[in-house]
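Beneath this line is the structure, given in C-alpha cells, with notes to follow.
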Amino acid sequence: MGVNKELMKGSTATLVLTILSKGEHYGYEIIKEIEKSSNGLFELKEGTLYPILHGLEADGYVNAKWVGEEGSRQRKYYSITKSGRALLKEKKEEWSLFKNAIDQIVLVRRTCQEGL
Amino acid sequence: MKASKKPSIENFLSQVEQHVCFHEAHPEIRKELTQHLQDKIQENTDAGMSEQAAAEVAIQSMGDPEEIGQRLNQVHWPQVPWLFVAIASGMLALGLFNVYEFQRLGSHSVNIGIGLLVGALLFFIKPGRLIKASPFIYGGALALLTAAVAFGEKYQGLPYVHFLCFNIDAISFSLVPLLISFCGLMSGGKNVGSMKGALKILLSLLPVVFYSILGSPYSAILFAVASLAIFVAVEVRPVGILSAAMLFALSIGLSMNSEKFLSAEAFQNAKMAEAHTDFVISHFSQISVWLVVVGLFLSFALISQLASMLGEVRNKFAKSMIAGHLAILSLAIMWSILANFGYVGMPGSGAPLPFVSYGGSFLIGQLALLGMSSGLYRRKTLTLN
C-alpha cells in the first residue's frame, strides 16, 4: 500500500533534509534512500524531487556541486547547510506535535469505539 | 532500440523545459534529469527489462513533465535586483543634478550611456564564458599596466597609454577587468581549478604592486581590499587568512607612506571639475544639507542591498564577484565621505562618490560592476556557470 500523494506533499522536503543530514547525495540516491528507509511505502514521482531540491538550494538550506569530469558522467551532489539543519530541527518538532495531536484524536477515538 | 528510446526521453525533457521560462536554467535541469533517467534505465535493464521498456518505465516513474516544469519555473524565475538598480539610478540622478550647473550634462550623459551599455553586456553575458576567458582578460589587463609603466604618459597624475588613435587611462580601464578575471581565476574552471594557494596570492598582489608603481595608491588599496573580501568569501582555508593579513599590511603601508595624499582643505582651492568629482559631498553641502542627507542615505542603502545580494548567491564566481564589488563600492563610498569631512586625506588620483561624481572612467567602471552583479544575482539559482 502506497501513501496518499497529498499526505506526502507537505513532508517531502523534511524527508529530503533528513536524508541529507546523514551525508551528501545526488537526486537518484535520495529517492532510493527514501524508498529504502520507508520499506517501499513512500513512492514519490521521481521528477518531483528536483523542484524541491532546487527550492531548498535557492533558499540556502542545501548546497549543491557538480562532481565528475566534464564529458564523462557528472552528478549533482547535495549537502545540508547549517540553516538546513536548523530548519530540519524545526520541522521535526512540528511533525512530532502534529503526530501526537493526530494520534490523540484518531487512536483515542478508536480505543473508545473498541471499548463500546 | 536506441532510436526509439532517445526521442521519448528527449520529448520528456523538452516538455519540462517548455514550462521553465528562464532559458539559462535549461542546461542544468536537462543534465540533472538526464543523469537520473540514465541511472533509472540502468537499474531497470539490470532487473532484466529490455532497453526500450526500461526507458519507458523510467520516464513514467518521473511523473508529469508539465507539473515538474511548472514547479521548476517557480524556483528558477529570474529575479532582477530592482531595488539595487533603483537606488543606483537615484544616485545617477543626483550625479546629473551635480553636473547641471557645471555645464557638463552632455558629456556626463554620454558616459552614463557608455556605462549602461557595458553594464548591459555584462548583465547578459554567461558567467561561464568570462571564467573561461579569465586568464586572457587578466593577462591583457596586466599587459596594459606593463605598457603604462614602460611608455605611459602622465596626464593629471594618471598614466595614459597611446594605442592607435586612443588614449587609454591604464588604471581605470584595468581595475574592473582585473577584478572580474581574478574572481574567475579564484572560482576555478577547467584550466585553473588546481591553482595553488601561492599563485592565488601572487595574482592578488600583482595588480596592487602595479598600481603602486603607477602612483595610484587609491586603486592599489581598492584592489587589495577587494581581493581580501574575495578570499574571505570563497576561501576558508589558511590561504585566506594569510592573504588577508598580507593585503591588510600592504594597504596600511601604502596609505602611511604615500606622498600622493592632499589635505582635505584642498577643496577651498579646488577647480570646478574637482568640486564636482572628488568634493561632491562638500559641494552638495553648500547647496542644501538635504542633498548630502539624500546622497549618504542612497550610498548606504546601495551597500546594504549589495550585501544582502551577496548573502543570496550560491556559486563561487558569483560570491567572489559580488564580494569584490561590495568591497570596492563600500571603500570608495567611505573614502569619499571621510575625505569630504576631512577625516582622511584625498588621494592624488581623487576619491569620487560612485554613480554621483563627474568623471568618465570611474563611472563606467561602476556601471559595469552594477551590470555584472545584477546579472549574477539574476542567475542565483544556477549551480553551473
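Below, chains carry the letters A, B, ... as their sequence lines are ordered, and counting in each starts from 1. What you are looking at is a predicted structure, and each value in this text was computed from that prediction instead of being measured. Quick note: numbers below take in every heavy atom, side chains included, and nothing from hydrogens, waters or symmetry partners.
Put simply, of B:Pro65, B:Gly63, B:Gly311, the one with the most heavy-atom pairs under 4.5 Å next to chain A is B:Gly63. Ranking B:Asp64, B:Ile68, B:Asn73 against chain A, the residue ahead of the rest is B:Ile68, based on heavy-atom pairs under 4.5 Å.
Between the CD1 atom of A:Ile52 and the CG atom of B:Leu72 there is a distance of 10.5 Å, given to the nearest 0.5 Å. Atoms CZ and CG, from B:Arg314 and A:Asp59 in turn, are 8.0 Å apart once rounded to the nearest 0.5 Å. B:Gln35 contributes atom CD, which lies 7.0 Å from atom CH2 of A:Trp66 (distance to the nearest 0.5 angstrom). Atoms CD and CD1, on A:Glu46 and B:Ile59 in that order, are 12.0 Å from each other to the nearest 0.5 Å. The OH atom of A:Tyr50 sits 6.5 Å away from atom CG of B:Leu33, with the distance rounded to the nearest 0.5 Å.
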| said: As a quick check of understanding, evaluate salt bridge (Lys or Arg N to Asp or Glu O under 4.0 Å) for A:Arg75 and B:Glu32, giving each step before the final call. | reply: CA-CA 7 Å; A:Arg75 287 196 167 101; B:Glu32 196 172 23; over 6 Å; no
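For A:Ile31, the part lying near chain B is the side chain, with the backbone staying farther off; criterion is any non-hydrogen pair under 4.5 Å. Proximity to chain B (any heavy atom under 4.5 Å) is restricted, for A:Lys32, to the side chain, taken from C-beta onward.
For A:Lys45 and B:Glu67, the salt-bridge test fails: no basic side-chain N is under 4.0 Å from an acidic carboxylate O.
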Show me the donor-acceptor pairs within less than 3.5 Å that the side chains of residues 74-81 of chain B make with the rest of the protein, sequence neighbours left out.
unit_1  : atom_1 : unit_2   : atom_2 : d
B:His76 : ND1    : B:Thr381 : OG1    : 2.8
B:His76 : NE2    : A:His54  : ND1    : 2.8
B:Gln79 : OE1    : B:Lys380 : NZ     : 3.2

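Not less than 6.0 angstrom separates the ring centroid of A:Tyr26 from the ring centroid of B:His36.
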